[in-house]
Amino acid sequence: MYFDGFMARRNCVAIEVMTKSSLIFSAALFLCIPLIACDSSPDTAPQPSAQDLFFERMSLLCGKAYAGIMVSEQEADADMVGKPMIMHAASCDLNEIQIPFHIAEGPNTWDRSRTWLISRNDQGLRLKHRHRHEDGRLDDVTNYGGDTANEGTADRQEFPVDAESIESFKANGLDQSVTNIWAVEISPPGQSDAKFAYELRRPKSTDGRYFRVEFDLSSPIPVPPAPWGS
């Protein structure tokens with residue numbers, strides 16, 4: 001139970017003492033008694049928002065890695081079909097979680113160029129993508145993403161493309177990406193069918209772009225090497 005606080009008040013009682021002798025006098029003694037009372041009304045703690053719960057679930061993955069695979073089936077992603085994938089919640093603090101995304105390219109060869117960054121801001125949550133080359137240089141198209149436009153749910157948050165990303169896409173000849181909406185999903189960890197998913201959609205475009213990868217959260221795997229440039 002929570003208490004709003006304590007109030008101290010003094011109840012002063014006048015006690016008259018009379019003494020008889022050759023001189024009769026009276027003295028008033030004021031006895032001040034401190035009384036302590038507590039507010040009986042419980043302080044109702046604010047309920048966590050859907051975004052708070054989502055971020056808390058993400059934080060529970062910190063330091064762990066999980067195996068995944070692409071589950072969408074578009075021709076644009078034919079080169080990723082069946083390739084092993086790993087997400088690793090490599091770095092976490094109260095305001096940001098960094099998740100390197102690794103894609104197998106062949107035996108003992110991995111593309112470690114991508115990192116997803118999920119952070120808090122005054123409006124809600126933000127998703128950004130960091131892309132690096134193998135030598136550590138940032139790609140010309142990096143730091144793109146967007147902020148949440150609504151509360152979402154504890155299971156799913158969506159991130160419509162922001163103005164910075166639109167400008168970058170146009171400058172690099174990627175006009176088809178200016179309507180991107182990314183989404184991240186996470187089931188309550190600990191369940192046998194718990195999963196993490198990353199998704200890209202273009203619902204307003206003519207190409208009907210849809211990309212989705214899912215990761216099995218039921219069993220962590222060994223942590224992969226750091227992403228390029230770390």
Practice task
Answer yes or no: is there a side-chain heavy-atom contact under 4.5 Å between Glu199 and Phe211?
Solution key: no

Problem - Donor-acceptor pair, side chain of Arg120 and main chain of Leu94, under 3.5 angstrom - result: yes

Handout entry: Ser168 side chain vs Val141 backbone, donor-acceptor pair below 3.5 Å
Key = no

Problem - Those residues that, when tested against His102, pass ring pair (Phe, Tyr, Trp, His ring centres under 6.0 Å) (two or more places apart) - result: none

Handout entry: Side chains of Asn143 and Arg130, donor plus acceptor under 3.5 Å
Key = no

Handout entry: Listed once per pair and sorted, the ring-ring contact (aromatic ring centres under 6.0 Å, His included) pairs that draw on residues 135-160, sequence neighbours left out
Key = His129-Tyr144, His131-Tyr144, Tyr144-Phe169, Tyr144-Trp182

Handout entry: Thr142 (side chain) donor-acceptor with Asp139 (main chain) under 3.5 angstrom
Key = no

Practice task
Could you pull out the closest heavy-atom pair between Gln157 and Leu125, with the gap in Å?
Solution key: CG-CD1, 3.9 Å

Exercise for the section: Check whether any side-chain N or O of Glu151 sits under 3.5 Å from a backbone N or O of Ala50 as a donor-acceptor pair, and report yes or no. Expected result: yes

Show every donor-acceptor pair shorter than 3.5 Å between a side-chain atom in residues 53-68 and any protein atom, with sequence neighbours excluded, or say none if there are none.
{"unit_1": "Arg57", "atom_1": "NH1", "unit_2": "Ala154", "atom_2": "O", "d": "3.3"}
{"unit_1": "Arg57", "atom_1": "NH1", "unit_2": "Asp155", "atom_2": "OD1", "d": "2.5"}
{"unit_1": "Arg57", "atom_1": "NH1", "unit_2": "Ile186", "atom_2": "O", "d": "3.1"}
{"unit_1": "Ser59", "atom_1": "OG", "unit_2": "Phe55", "atom_2": "O", "d": "2.9"}

Exercise for the section: Verify, without hydrogens or angle tests, whether Glu96 (side chain) and Ser91 (backbone) share a donor-acceptor contact under 3.5 angstrom. Expected result: no

Handout entry: Backbone N/O of Tyr210 and side chain of Gln74: donor-acceptor pair under 3.5 Å
Key = yes

Exercise for the section: Could you walk me through whether Ile99 and Ile118 pass the side chain to side chain contact (heavy atoms under 4.5 Å, CB included) test, one step at a time? Expected result: CA-CA 8 Å; Ile99 307 170; Ile118 299 174; 4.2 Å; yes

Problem - Backbone of His133 reached by a side-chain donor or acceptor of Ser113 within 3.5 Å - result: no

Problem - Derivation and outcome, salt bridge (charged side-chain N to carboxylate O under 4.0 Å, His left out), residues Arg112 and Glu105 - result: CA-CA 10 Å; Arg112 307 189 193 278; Glu105 292 294 310; over 6 Å; no

Handout entry: Asp79 versus Lys83, closest heavy-atom pair with distance
Key = O-CE, 2.8 Å

Problem - Residues that, via side-chain heavy atoms closer than 4.5 angstrom, fall in one hydrophobic cluster with Ile221 - result: Ile86, Trp110

Problem - Pairs satisfying salt bridge (charged side-chain N to carboxylate O under 4.0 Å, His left out), at least one member in residues 68-78, at least two apart - result: Asp77-Arg209

Handout entry: Basic-acidic side-chain contact under 4.0 Å: Lys170, Asp175
Key = no

Handout entry: Expected output: side-chain Thr153 to main-chain Arg156 donor-acceptor under 3.5 Å
Key = yes

Handout entry: Exercise: do Ser49 and Asp52 side chains pair donor with acceptor under 3.5 Å
Key = yes

Handout entry: Stepwise side chain to side chain contact (heavy atoms under 4.5 Å, CB included) check, Ile103 with Arg114
Key = CA-CA 9 Å; Ile103 304 174; Arg114 302 169 178 87; 3.4 Å; yes

Completion exercise
Across all chains, not counting sequence neighbours, the salt bridge (Lys or Arg N to Asp or Glu O under 4.0 Å) partners of Asp216 are none

Exercise for the section: Say whether, by atom type as modelled, one donor and one acceptor occur between the side chain of Gln191 and the main chain of Ser218 under 3.5 angstrom. Expected result: no

Exercise for the section: Apply the test salt bridge (charged side-chain N to carboxylate O under 4.0 Å, His left out) to residues Asp135 and Arg132: give CA-CA distance (whole Å), side-chain angles for both, the deciding distance (0.1 Å), then the verdict. Expected result: CA-CA 8 Å; Asp135 61 6; Arg132 291 185 183 273; over 6 Å; no

